[in-house]
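Since the structure comes first, as structure tokens, the remarks are kept for the end.
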Amino acid sequence: MMDIDLPLTLIAELTYRCPLRCPYCSNPTNYDSSKYRQELTTEYWLDLIKQAANLGILQLGFTGGEPMLRQDLELMVETAAAKGIYTSLITAGTLLTKERAIKLRDCGLDHIQISIQDSQVDKFNYIAGIPSYEQKLAAARLVKQLKFPLTINVVLHRHNLDRIKEILELCKTLKADRVELANTQYYGWALLNRDALLPTLEQLERAKQAVAIAQQEKYFPMGVVYVLPDYYEQYPKPCMGGWGKRTMVIAPNGGVLPCQVAASIPELDFDNVRDHSLEWIWSESAAFNRFRGTDWMEEPCRSCSRKTVDFGGCRCQALLLTGDATATDPVCHLSPQHHLITKAGESGQSPNSPSFRYRDRLNTS
Amino acid sequence: MSEEDRVYSLDNLGFANGVRLHWNEARQQHWLLFPEGALFLNPTAVAILSICDGYCSFTAISQILSSQFRDVDINQVRNLLLKMLKRGLLINKTP
Ligand code: SF4
Ligand code: SF4
């Protein structure tokens with residue numbers, strides 16, 4: 001029997017509803033199916049937070065969709081804070097009123113992360129799919145005014161990478177404590193829009209330089225995280241720090257997943273908090289044990305010395321590109337299917353990009 | 001000013017906004033919690049960070065530690081504080 005670590009982080013996807021329509025959204029493309037519209041009630045969430053505390057969870061991120069659409073968010077924050085869990089609100093910011101922000105602070109919220117789309121207002125709104133520039137910047141200022149630490153998250157792609165320098169300067173003006181630059185991960189909506197989003201190599205090269213300056217000059221006291229897109233690296237990332245090793249994700253309908261895109265693997269059945277305890281799901285469920293540790297691996301990972309470093313990469317990506325979720329992540333140059341990545345990277349070189357397919361606006365009341 | 005020639009002061013250190021100590025009941029461990037991160041703390045690290053209330057000089061911190069523990073390695077204390085300062089978890093609070 002292998003040793004199972006206690007989970008460190010719980011990601012609570014409170015809803016997939018969202019007033020924005022980002023073409024790179026990682027929510028499942030069937031996000032408005034009846035399956036996800038049956039959101040967990042307040043009672044479930046409050047009980048889950050207590051279970052999470054007993055499991056030793058240290059960090060709890062409220063996300064979505066747009067978590068602010070849940071009017072019981074304050075109650076959840078209060079329950080987590082009473083247990084000492086560190087709480088983060090991961091929001092688009094458009095619904096963050098002063099009144100609610102103060103209430104959240106009084107309930108013990110620790111940290112707020114706001115996403116921005118671009119530094120230029122027209123581009124910003126084009127990517128978000130609705131006018132939201134003003135509201136988001138106002139929300140970021142409010143966060144600082146209330147003395148929360150502010151993380152700004154920017155998803156990078158072909159349409160904003162040319163302004164990475166201006167984007168970092170905007171984050172600096174907003175006094176972000178930390179910045180996360182995430183290159184688009186091609187799942188969900190981003191996969192549908194991959195050809196419109198894939199950056200060119202020159203764009204990525206210039207981005208690297210802009211990030212280096214921000215690091216050198218210490219624009220942000222808690223640093224800037226820049227994750228290179230998988231497609232351009234030699235080795236895969238240790239996806240989620242290992243399957244079932246640190247993180248649990250609870251989807252709006254109560255399904256529990258080892259990672260936010262694991263629903264893309266059809267062979268897996270995810271147990272639901274309506275049927276089992278979090279502890280059981282973490283240690284006993286088939287989905288969490290399927291790719292835990294290294295026993296499930298095939299060659300070349302099985303006999304590779306990096307197998308406990310990167311855990312063979314991302315299962316969702318392996319499935320997506322090779323059709324086999326147990327295959328070596330084709331990002332790895334040792335993968336026999338590495339050419340699939342090279343091919344996908346090349347479409348980022350074509351000069352004209354197709355237009356976006358947006359997610360529909362959902363009833364967000 | 002670039003990172004290399006930055007001079008850090010280890011006086012009047014306190015936690016930055018959103019950084020806090022946490023005793024985890026389930027794990028029976030002390031942790032430092034901050035945005036998107038958590039660091040496991042051994043008893044010495046807990047003792048050092050507990051003194052960082054924004055009012056102590058580095059000399060004062062060293063003295064308090066020496067009264068609590070038998071052999072305090074001042075270099076180790078300095079390194080820990082410096083590391084936390086560079087990560088933005090500790091900041092110099094002006095008295
Ligand atoms: S990526 Fe955009 S559309 Fe998707 S949940 Fe976040 S803000 Fe909403
Ligand atoms: S072969 Fe597998 S374990 Fe080795 S580096 Fe590649 S993905 Fe990682």
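Lettering of chains follows the sequences in order, A, B, ..., and the numbering in each one begins at 1.
Taking CG of A:Leu6 as the start and CZ of B:Arg27 as the end, the distance is 5.0 Å to the nearest 0.5 Å. Taken from CG in B:Asn17 to NZ in A:Lys144, the straight-line distance is 6.5 Å, to the nearest 0.5 Å. Here A:Lys218 contributes atom NZ and B:Lys86 contributes atom NZ; the two are 9.0 Å apart, rounded to the nearest 0.5 Å.
No side-chain donor-acceptor contact under 3.5 Å links A:Gln59 to the backbone of B:Pro35. Counting only distance, with no hydrogens or angles, the side chain of B:Glu25 and the backbone of A:Asn54 share no donor-acceptor pair below 3.5 Å. Using a distance-only test at 3.5 Å, with no hydrogens or angles considered, a donor-acceptor pair links the side chain of A:Tyr86 to the main chain of B:Gly18.
Counted within 6.0 Å of CD on A:Glu279, heavy atoms from surrounding residues, nucleotides or ligands total 12 or fewer; the atom is thus considered open. Atom CD of B:Gln28 is surrounded by more than 12 heavy atoms from other residues, nucleotides or ligands within 6.0 Å. The environment of CZ in A:Arg246 is sparse: at most 12 heavy-atom neighbours from other residues, nucleotides or ligands sit within 6.0 Å.
Contact of A:Asp110 with chain B is made through backbone and side chain together, with heavy-atom distances under 4.5 Å. Using a 4.5 Å cut-off between heavy atoms, A:Ile57 touches chain B through its backbone atoms (N, CA, C, O) alone. When heavy atoms are compared at a cutoff of 4.5 Å, A:Leu8 approaches chain B by way of both its backbone and its side chain. Residue contact with chain A, scored on non-hydrogen atoms closer than 4.5 Å, involves the backbone and the side chain of B:Glu36 alike.
For A:Ile85 against B:Arg20, the heavy-atom pair with the smallest separation is O-NH2, 3.0 Å.
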